[in-house]
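Just so we're on the same page: letters track the sequence lines, and every chain starts at 1. In what follows, every heavy atom counts, from backbone to side chain, and hydrogens, waters and symmetry copies are set aside.
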Amino acid sequence: MHDPPDRTGPAHAEVAEVWPRDGRIRVTGRVVGAAPAGAGTLIARVRGAPDTELRLPAEGRDTRFDAALPLDELAAATPEGERVWDLYLALDGQEDALRLGRHLDDVHGKKKIFTYPAQTSGGRRFEPYYTVQDNLSIVCDGEVAR
Amino acid sequence: MTIRFLLLNAYAVGGTVRTVVNQANALAAAGHDVEVVSVHRHRAEPRFPLHPGVRLIPLVDGTAPPSRWKRPLAYRRQRRPSRLVPEAEVRYDRFSRLTDRRVERYLRSLRDGVLITTRPALNLLSARFTPSSVVRVGQEHLHYSHHKPELAREIDRWYPRLDAVTVLTAADEDAYRQQLGAGGVRVVCIPNPLSEQGTPPLSALDRPLVVAAGRLVKGKGFAKLIKAFEPVAQAHPEWQLRIFGAGPEHDRLRELIHERHLYNHVYLMGATQEFDRELAKASVFALASRREGFGMVLAEAMSHGIPPVSFDCPHGPREIITDGQDGLLVPLGDTAGMTAALTRLVEDRDLRRKLGGQAAEAARRYAPDRIRGRWEELLAELLAAKGKAGRSGGAGAPYGL
């Protein structure tokens, strides 16, 4: 599952940790290549359905961010079928949303190496994963090809 | 004088092939005439490249199998089970009537020089068929007690005919000497050499990274290591454990990592072509095996100045590591002890530096030129002894005698 190439750039939200547990998916990290802004918004967009969007508050301090997606909200917003949510961070007072990803470490082929447990909510299964471009997405009811 | 190595498959990938190719290359680079003879061939070129001076000779060429119509005899023989190799040999399925015939003919054709065989079936065949005018050395990569009783009986019976049996550890040396000593065969311990020539790059020991490596099988104890690392990750969340290697336990280990919410701290890295480079990033190396043939990877880690933490399992670690001096040994299976040892090194950078420095020093005894020197010494002694005894040999006794 490739994500659209035009949505990644040098400025991005570098993921440090992903915690899929206790009914939510929490992501922490830091903003790279953009001015530090403190708080912001975590945006999840369904791939192939540009109007379906979920916006959640993200805490921030300097370049750090910390945000969580509650699974019940995610389940309620996910359209039928196998779906992929791509994750972005919009900083307060800044135009562009930054793609969440992990590009600054020395691990190649993260899709196979950085794997996370799936959780279920509302009869649907959610699993965070890294795309082949090392961006962070969440697959719903689908298998991550490894 | 020619030094020959007889391997089951010099074209394959594996620990034995790698060390034998390293030995052959080191001897060729030192100006010796070296030949590598491979019972099987299944691809055009060997995976571990040979020194240009080394001749490579396959006995049964699987890339050009005998035609049923043009070579009906060979065709039939390759499908019939071996009569010369004991069924208790782990790789019995790789031998056939065709390999019996080709190997026996090759062994009987030798007149002088050295023949080094590299696994039990080949050692036994060499003891039976290689003329005694040849210096015959049998390498054992396994501990004596790991052989099935039927194979051990064959070893007891035939190995005394060899000029020397070489083993990897002092513990093996004791075991084989006890079994074979009365037969007059020399048992000598020569460890495997490090793969890297020259001075391996030293780790800076400043990354919060523990590395482990090996095939992902139960015996390597990675599940235990992951459990031992859990408290370390909780107390020191910036530290990571990276496990290099592939194998049948992969999915089970991933499950364990997920269950314990260690997915931000423990990574299954897969197999890598650049293991040396990845290894050199580590600040601590960990080994949690239930047993090892030798534990070469410990010596590799130490050669990069990385302090190792290892279970004190049979048979390698305690000969490679001096506890508290150049690494830490933990009683076999003691998970809490493993956690404590990892924590000591994680929390104490000075201790890492001290043990790491001594580890690099200690690993020098496995440097390829040192190990080559030990082989040259042994072969020279065996050849000299052969010269004194005169050419009294002739062909070995035929099968069944």
Please state whether the side chain, the backbone, both or neither of R207(B) comes within less than 4.5 Å of a heavy atom of chain A.
side chain
Which word best sums up how the rings of Y130(A) and Y116(A) line up, parallel for under 30°, tilted for 30 to 60°, or perpendicular for over 60°?
tilted
With chain A as the partner, which of K281(B), H261(B), M269(B) has the greatest number of non-hydrogen pairs under 4.5 Å?
H261(B)
Go through R242(B), H265(B), E259(B), E255(B) and name the one with the most non-hydrogen pairs under 4.5 angstrom from chain A.
R242(B)
Within a reach of under 6.0 Å around CZ of R18(B), are more than 12 heavy atoms found that belong to other residues, nucleotides or ligands?
no
Which residue is it: L329(B), L298(B), L345(B)? I am looking for the one with a side chain to side chain contact (heavy atoms under 4.5 Å, CB included) to P308(B).
L298(B)
Region of E238(B) in contact with chain A, defined by heavy-atom distances below 4.5 Å:
neither
Any salt bridge between R364(B) and E361(B), counting N to O under 4.0 Å?
yes
